[in-house]
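Structure record follows, encoded as structure tokens.
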Amino acid sequence: MRRFELICPCHFGMEAVLKREIADLGYEITQVENGKVTFEGDVEAIARANLFLRTTERVLLKMSQFKAVTFDELFEGVKAVPWEDYIPRDGRFWVTKANSVSSKLFSPPDIQKIVKKAMVERMKQTYHTDWFEESGASYPLRISIVKDVVTIGIDTTGESLHKRGYRKFTAPAPVTETLAAAMILLSPWHSDRILVDPFCGSGTIPIEAAMIALDMAPGLNREFTAETWTNLIPKKIWYDAVEEADERIRTDVDLHIQGYDISDEVLKMARANAALAGVDKHIHFQKRDVKDFSNPKKYGFVISNPPYGERLSTKEEMYQLYQTVGKVMSDNATWSFFLLSGYEDAQKAIAAGGSRKKATKNRKIYNGMMKTYLYQYMGQKPPRKCDTEKEKKEYE
């Protein structure tokens, strides 16, 4: 079967978890760079990667990589690609995005124009025509130029993979689905442990946790651009991938996932989103302030994206909020806390709240253009064997 190189972009700082996801699907990693992971696979891999990967934004079919410091070099490099092997005569092709970092060629509009022109010149030679109708399937391109090295990929995904299809309602400053999934996968949380998000907003973290625990493919309820590429990917490949996804869904999992928020309206959104995702029966949403956090379980996880933007609170209110989080951590010393925040005084305020814990790891993550940190405070591991009924109940 024909082999390809596939590029999966992700949030900066999340490469390790994406690499693990790809390896778990059974594919060989060829390169890991800042913000993207490249691997080898066949046409089946295109469908499975789009359907199953939780932490990538899209899947790009890598076409070429070469150095170019002039537009002539860019033109010739693009023209050398056998586009006719991928794009049919009636295919619609264009550069949907071009970006340049530390390179001689830096104008996205000019890059897009040159690439399109070179593709047309190449395909003229094969299809013996001066005009392309472009009425068929779409083949959008993405061009990245970093330190004068041009990387060209055809986007197999279309709308970003963080759009699972369930988040119809959003609260202010939501965390994306891909980032929420990465936060969970970076933690040692398992479905037999309780998970609480005390700042759940529209429910993204609890919903992603439930989908992970139930092994529900994140792309099961959406469409992908490459589904229309019948010249490259037989329809049966997509049917088989969907069938695999359906068969993998677990129905024997007893979950303990909770989401808190202080807004009735926001909680209404969260419940609606959970229902659209098909996990509403597995999540308990309730109106509760973080200061009222309490749980009878001795061991559990808090995975959350607390407020940290000035548009949400004043600096004084922000400090007080994180102090409260510190008190919650102090009162629940055996729990593990994974907090994503861009608030610069987060650790200082948490310590001022009474928490004696120090972050076991601070992982820098770029949430869009915003630098944030995933603060990881590991709690105690539960006993492997429960010697008493009391311990058993605490563990459960």
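Because the structure is predicted, anything quoted here is derived from the model rather than measured.
With 3.5 Å as the limit, one finds a donor-acceptor pair spanning the side chains of Gln258 and Tyr260. Judged by distance alone, the side chains of Thr204 and Arg167 do bring a donor and an acceptor atom under 3.5 Å apart.
The closest donor-acceptor contact from the side chain of Thr372 to the backbone of Ile365 lies under 3.5 Å. In this structure a side-chain-to-backbone donor-acceptor pair under 3.5 Å is present from Trp229 to Ser138. Side chain of Arg164 to main chain of Arg54: a donor-acceptor pair is present (N/O by atom type, distance under 3.5 Å, no hydrogens or angles). Using modelled atom types, no side-chain atom of Arg48 and backbone atom of Glu244 make a donor-acceptor pair closer than 3.5 Å. For the pair Glu227 (side chain) and Phe224 (backbone), a donor-acceptor distance under 3.5 Å is present.
The cationic group of Arg122 does not satisfy the cation-pi geometry with Tyr127, failing either the under 6.0 Å distance to the six-membered ring centre or the 45° limit from the ring axis. Within the cation-pi definition used here (under 6.0 Å to the ring centroid, within 45° of the axis), Arg2 qualifies as a partner of Tyr86.
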Open item on the list: Quick one, Phe93 with Tyr139, criterion ring-ring contact (aromatic ring centres under 6.0 Å, His included). Give me CA distance, side-chain angles, the key distance, then yes/no.
Closed with: CA-CA 5 Å; Phe93 55 98; Tyr139 297 80; 8.5 Å; no
Apply salt bridge (Lys or Arg N to Asp or Glu O under 4.0 Å) to residues Lys36 and Glu15 and explain how you reach the verdict. CA-CA 6 Å; Lys36 64 181 177 181; Glu15 298 83 5; over 6 Å; no
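With a 4.5 Å cut-off on side-chain heavy atoms, Gln376 and Phe337 do not count as touching.
Between Asp215 and Arg250, none of the side-chain N atoms (NZ, or NE/NH1/NH2) sits under 4.0 Å from a carboxylate O, so this pair counts as no salt bridge. Taking 4.0 Å as the cut-off between side-chain N and carboxylate O, Asp148 and Lys67 do not count as a salt-bridged pair. Using a cutoff of 4.0 Å between basic side-chain nitrogens and carboxylate oxygens, Lys62 and Glu5 are scored as salt-bridged.
Listed by first and then second residue, the side-chain hydrogen bond (donor to acceptor under 3.5 Å, both in side chains) pairs that reach into residues 328-346 are Tyr322-Ser341, Lys327-Asp331, sequence neighbours excluded.
Results of the side chain to side chain contact (heavy atoms under 4.5 Å, CB included) test with Arg58 over Thr157, Leu53, Asn50 single out Thr157 as the only residue that passes.
Summarising the local packing, CD of Gln286 is surrounded by more than 12 heavy atoms from other residues, nucleotides or ligands at distances under 6.0 Å.
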